[in-house]
Amino acid sequence: MAEYNHRETEKKWQDFWDKNQTYRPAEPSDKLSAARPKYYALDMFPYPSGAGLHVGHPLGYIASDIVSRYKRLKGFNVLHPMGFDSFGLPAEQYAIQTGQHPAVTTEANLTRYIEQLKNIGFSYDWSREVRTSDPSYYKWTQWVFMELFRSWYNKDTNKAEPIETLLDKFATNGTTDVNAVCDENTPAFTAAEWNAMSKQQSYAITLHYRLTYLADAVVNWCPGLGTVLANDEVKDGVSERGGYPVEQKLMRQWMMRITAYADRLLTGLDVIDWTESIKEQQRNWIGKSVGASVKFPVWSADTSSFSSIPPSSPKTFIEVFTTRVDTIYGVTFMVLAPEHELVPGLTTPDQQDAVAAYISAAKLRSERDRMADTKAVSGVFTGSYCINPFNDEKVPIFLADYVLAGYGTGAVMAVPSGDQRDWTFATHFGLPIVPILDGQKDIDKQADNTKEGQYINSGIVNGMSYKEATTTLIAWLEARGLGRGKINFRMRDAVFSRQRYWGEPVPVYFNEDGLPYLIDEADLPLELPAVDKYLPTETGEPPLGRAEGWRYKGKYEYELSTMPGWAGSSWYWYRYMDPKNETEFASKQTIDYWQNVDLYIGGTEHATGHLLYSRFWNKFLYDRGYVPQDEPFKKLINQGMIQGRSNFVYRVSGTGREGVPAVFVSLNQLNGREVTPLHVDVNIVENDVLDIEAFRQARPDLTEAAEFITEPDGRYIVGAEVEKMSKSKFNVVNPDMIVERYGADVLRLYEMFLGPLEQAKPWNTNGIDGVYRFIRKFWRLFYKDSAAGTPDAGASQWIVTDEAPTPAELKVLHKTIQKTEADIEAYSFNTSVSSFMICVNELATLNCHKRAVLQELVLLLSPYAPHITEELWAALGHEPGTLSQAAFPTFNPNFLVEDAFEYPIQINGKVRTTISFAVDRAANEIEREVLADEIVQKWLEGKSPKKVVVVPKRIVNVVI
RNA sequence: GACUCCGUAGCUUAGUUGGUAGAGCAAUUGAUAUUAAUCAAUAGACGAUAGUUCAAGUCUGUCCGGAGUCGCCA
């Protein structure tokens with residue numbers, strides 16, 4: 001064996017693993033092997049983009065691979081799969097531009113992705129790879145959709161049930177016993193009425209209850225992409241992908257009744273091990289507020305008191321939602337959203353013009369404008385009043401755009417003493433501010449939202465505390481039918497339709513009655529038809545409208561929208577358990593064995609998209625008895641983004657134009673010269689030194705006849721800045737290049753060494769040499785180069801011996817075992833790499849080449865650097881390729897025990913000397929000897945110490 | 001504006017219940033050696049401030065600086 005050759009060795013083992021399916025886990029049916037505990041390590045489903053992988057992508061994959069390899073050594077049966085979320089917008093946008101079928105582009109991208117991934121030596125079981133755009137996969141995505149359509153949410157049992165249990169209830173007792181999550185306009189009926197309905201009528205009724213349903217919804221329409229987008233796909237008023245403007249539009253859409261699960265999605269967060277930041281984001285997104293809904297009767301001139309208004313007429317009430325019903329005696333005005341449906345009826349003739357003007361002005365202001373100036377107070381009086389039911393006082397009704405039509409009821413009871421926005425509004429319009437708690441302070445200067453103290457000016461709750469008052473008031477409201485305790489969520493049902501081509505067709509057709517029906521399950525998968533163009537039809541139908549003769553059973557119109565990107569990724573972790581199953585999405589046996597994902601690693605960008613929808617679908621499948629776990633991902637880690645480090649050359653201003661050759665100045669020679677920084681490809685820069693020749697060749701357009709003002713030593717130093725890694729900034733580092741030059745093991749170690757997994761950090765190839773040197777130094781513990789000039793010069797010599805290790809060597813080894821194990825369990829991979837370096841440095845210093853030590857070290861390092869360790873494992877005489885079946889070294893604390901401890905001796909908290917004592921030495925003896933010590937005596941200057949602290953095996957502190 | 005997290009050497013970072021601040025890169029020096037390095041050695045740090053303590057990178061308060069999330073949510 002010559003000097004370590006990473007290119008040959010890594011390729012050899014990658015091929016070996018591939019051919020032998022080394023990382024295929026035991027099937028649950030294989031009783032003997034499957035008796036091992038299971039471990040499921042999953043990477044977030046990547047979308048195979050055309051740009052391929054850059055060094056930032058594999059960061060999480062490396063981490064999960066290390067854990068997977070470690071768990072195998074620890075005796076687990078490990079499921080570690082990889083597959084692709086291969087439907088998506090970029091391939092379709094490309095198809096629109098080029099006319100090429102998105103499947104073709106996607107296939108090409110996939111091939112490259114897989115090749116790049118294989119180069120890094122991941123221990124994936126590639127036989128399980130899935131692709132969402134494959135009909136054998138999306139058949140089951142469509143099947144889940146059908147199951148959702150065939151289900152309703154029973155609030156009494158608090159779970160989804162088959163629609164049949166609802167039909168039974170209707171048939172026996174009408175809607176009386178039904179406590180369901182359903183549409184707002186759902187009619188009530190008796191059993192007799194139900195049983196008298198036509199088939200179509202009753203079917204139409206059920207559409208109000210199904211977990212997926214059609215609705216006219218105000219959606220985020222993105223004309224630039226020709227589709228609607230979900231709320232989480234819109235950022236700051238533009239599409240997340242592409243940055244196109246998004247507008248609000250009313251369209252008929254498939255919806256998912258995710259709101260049925262709002263409360264469970266919230267409480268489920270308490271039992272899973274995710275980062276607090278992601279949980280917080282999901283909590284914000286779900287937005288639960290506990291409060292009360294209260295009806296304020298509208299006051300009218302001819303019926304001048306509350307009691308004479310007939311409560312049966314719904315139009316005579318303004319319903320509000322409040323989280324502070326306890327402050328209701330402090331209500332001095334009412335504010336409605338300009339879009340509120342009661343506004344026309346409430347506006348009095350003399351306020352007509354002012355209100356109309358305000359509404360049209362509010363409409364013109366975009367969401368962004370409204371957000372931007374939160375300080376300006378605006379609003380208008382409608383001329384009408386309502387009655388505070390508690391004290392019969394007249395309350396003026398205003399409109400203001402600080403109240404949102406889409407939240408709660410679009411109306412707010414304003415309590416200026418307790419709410420700052422209400423306070424600002426009241427001050428601006430000269431409305432009264434009534435204190436309601438004796439704990440409120442300085443309400444002439446600002447609102448005080450305290451819950452402390454006792455109520456004042458508050459009728460039936462005077463003298464009570466917050467809790468008491470709230471229950472008293474709600475009971476009062478409920479007794480009179482004027483309100484009730486209520487929980488409100490900010491989360492809305494999810495829009496599920498996309499007016500695009502490259503997605504799963506919705507398995508629905510429309511009958512002559514215009515109602516949606518599921519296609520027959522036997523007809524799944526409903527495959528994507530061919531179309532001539534990937535654009536909407538002339539009549540504005542989605543691209544599927546172009547498919548010639550695409551009709552169900554030859555006559556019924558299919559649903560023409562496709563499913564959103566998150567459909568296929570909301571259940572995929574089950575498919576890996578049983579990827580080839582043709583009769584079920586995964587067999588019960590495999591799901592019962594693998595259960596759910598133990599470790600899930602991925603980016604933070606899916607916080608409110610994929611990670612929320614997946615939990616939703618999982619809970620649904622759980623309710624319906626298809627899966628055994630309520631939460632899909634037990635432990636979630638978000639890897640930090642790897643940023644790019646851009647390099648710049650500096651061109652002197654005024655040069656590089658027609659007839660004026662460019663002059664480039666090295667960083668330290670700028671001396672205040674006026675220059676233009678230009679991005680330069682980081683791949684022709686090493687340690688901030690530019691390869692001028694390579695630059696000339698790469699950019700002849702810039703460098704023709706160019707002059708370079710270099711440092712005195714002739715080098716050109718570039719500038720640097722941390723930015724997002726992107727093609728346009730010439731700072732993309734391709735892992736293939738790193739693998740070619742340094743090897744996959746070095747790439748893996750280095751990516752981990754960069755810093756804590758969860759932290760964002762810039763890529764900087766500079767430090768990689770240190771890791772490369774470490775690998776070679778590690779190799780030299782096993783092989784020695786033959787001296788130059790000897791007959792076998794250039795060859796290496798195996799120098800591992802069978803001698804018994806010394807205590808010092810065992811101490812080094814076991815210190816490393818302990819650290820490595822603790823680090824992996826804590827997902828602290830960067831610190832492990834550092835401890836490997838220390839270990840190899842120390843063993844080299846000890847001149848240790850002993851099998852008993854090195855073999856264990858090979859195992860410790862193998863999750864991080866699988867290729868070189870597999871090579872050495874074989875060289876140590878083991879069956880080639882069996883490294884992953886070995887057992888992780890066992891830590892033995894006895895090797896760390898020393899019989900003496902070197903005590904640091906502090907004088908007034910500062911270390912002044914050290915003295916060695918036997919570990920079992922009594923504290924009073926240590927104290928005596930320390931005080932007798934020469935150096936301590938010198939610090940004491942003859943005085944006697946005030947106090948001596950002796951902490952066994954830690955420290956001694958002498959206080960003077 | 002609210003909430004969460006973070007400030008350790010030139011850079012990237014480790015530091016468990018408070019108990020001698022450890023690495024790698026870069027830098028400098030030396031040796032082997034010469035187009036490519038290898039080895040050895042050297043030096044260098046707790047954002048500021050006040051407190052608790054025998055003892056503070058670690059705990060508490062305030063300030064300064066940075067990152068992320070939410071965004072009028074009644």
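First the proteins, then the strands, lettered A, B, ... as listed; each starts at 1.
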Side chains of residues 944-954 of chain A: which donor-acceptor pairs under 3.5 Å do they make with residues two or more places apart or in other chains?
none

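- One P atom belongs to B/G18, the other to B/A26, and the distance between them is 37 Å to the nearest Å.
- Remark: A/Tyr772 engages A/Arg776 in a side chain to side chain donor-acceptor pair (under 3.5 Å) (not counting sequence neighbours).
- The gap from the C1' atom of B/C25 to that of B/C64 amounts to 30 Å, rounded to the nearest Å.
- Nucleotides B/U52 and B/A67 are separated by 30 Å at their C1' atoms, to the nearest Å.
- Not one side-chain nitrogen or oxygen of A/Thr409 sits closer than 4.0 Å to the OP1 or OP2 atom of B/A74.
- When all heavy atoms of A/Thr323 and A/Ser289 are compared, the pair lying nearest together is CG2-CB, 3.6 Å.
- Take A/Lys486 and apply the salt bridge (charged side-chain N to carboxylate O under 4.0 Å, His left out) test, not counting sequence neighbours, and it matches no residue.
- Between A/His340 and A/Gly410, the closest heavy-atom pair is CD2-O, 3.4 Å.
- The gap from the C1' atom of B/U16 to that of B/C59 amounts to 15 Å, rounded to the nearest Å.
- With sequence neighbours excluded, the residues that form a side-chain contact (heavy atoms from CB on, under 4.5 Å) with A/Ser916 are A/Ala900, A/Glu902.
- B/A43 and B/A23: their C1' atoms are spaced 16 Å apart (whole Å).
- Distance check on atom P: B/G51 versus B/G57 gives 15 Å, rounded to whole Å.
- Shown here are the ring-ring contact (aromatic ring centres under 6.0 Å, His included) partners of A/Tyr750, two or more places apart in sequence or in another chain: A/Trp763.
- Classification of the A/Phe774-A/Phe778 ring pair by plane angle, with boundaries at 30° and 60°, yields parallel.
- One side chain, A/Ser293 or A/Glu319, offers a donor N or O that lies under 3.5 Å from an acceptor on the other.
- Separating the P atom of B/A33 from that of B/G15 is a span of 43 Å, rounded to the nearest Å.
- Partners of A/Arg324 by salt bridge (charged side-chain N to carboxylate O under 4.0 Å, His left out), not counting sequence neighbours, listed by chain and number: A/Asp326.
- In this structure, A/Ile328 atom CD1 and B/A74 atom P are separated by 16 Å, rounded to whole Å.
- Not counting sequence neighbours, the partners of A/Arg283 by the salt bridge (charged side-chain N to carboxylate O under 4.0 Å, His left out) test are A/Asp270, A/Glu276, A/Glu280.
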task = Using Watson-Crick or G-U wobble pairs with both distances under 3.5 Å, give me RNA chain B in dot-bracket, 5' to 3', with [ ] for crossers and | for pairs to another strand.
result = (((((((..((((.....[..)))).((((((....))))))....(((((..]....))))))))))))....
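- Heavy-atom distances under 4.0 Å link RNA chain B to A/Phe753, A/Leu754, A/Pro756 of residues 749-758 of chain A, given in residue order.
- Proximity of A/Asn284 to the phosphate of B/A2: no side-chain N or O atom is located under 4.0 Å from OP1 or OP2.
- At whole-Å resolution of the value, CZ in A/Arg490 and C1' in B/A74 are 12 Å apart.
- Classification of the A/His814-A/Phe891 ring pair by plane angle, with boundaries at 30° and 60°, yields tilted.
- When all heavy atoms of A/Val55 and A/Glu751 are compared, the pair lying nearest together is O-OE2, 2.7 Å.
- Of the candidates B/A74, B/C54, B/C70, the closest approach to any side-chain atom of A/Val959 belongs to B/C54.
- With C1' as the reference atom, B/C5 and B/A9 are 24 Å apart, rounded to whole Å.
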Tabulated below should be each protein N or O lying under 3.5 Å from an N or O of nucleotides 19-22 of chain B; please produce it.
| unit_1 | atom_1 | unit_2 | atom_2 | d |
| --- | --- | --- | --- | --- |
| B/G19 | N2 | A/Gln906 | OE1 | 3.2 |
| B/U20 | O4 | A/Glu902 | O | 3.1 |

For nucleotides 31-39 of chain B, tabulate all protein N/O to nucleotide N/O atom pairs closer than 3.5 Å, reporting atom names and distance.
| unit_1 | atom_1 | unit_2 | atom_2 | d |
| --- | --- | --- | --- | --- |
| B/U38 | OP2 | A/Arg773 | NE | 3.4 |
| B/U38 | O3' | A/Arg780 | NH2 | 3.4 |
| B/C39 | OP1 | A/Arg780 | NH2 | 2.2 |

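- Every ring-ring contact (aromatic ring centres under 6.0 Å, His included) that A/Tyr903 has, sequence neighbours left out, goes to A/Phe901, A/Phe917.
- In this structure, A/Asn830 atom CG and B/A14 atom P are separated by 5 Å, rounded to whole Å.
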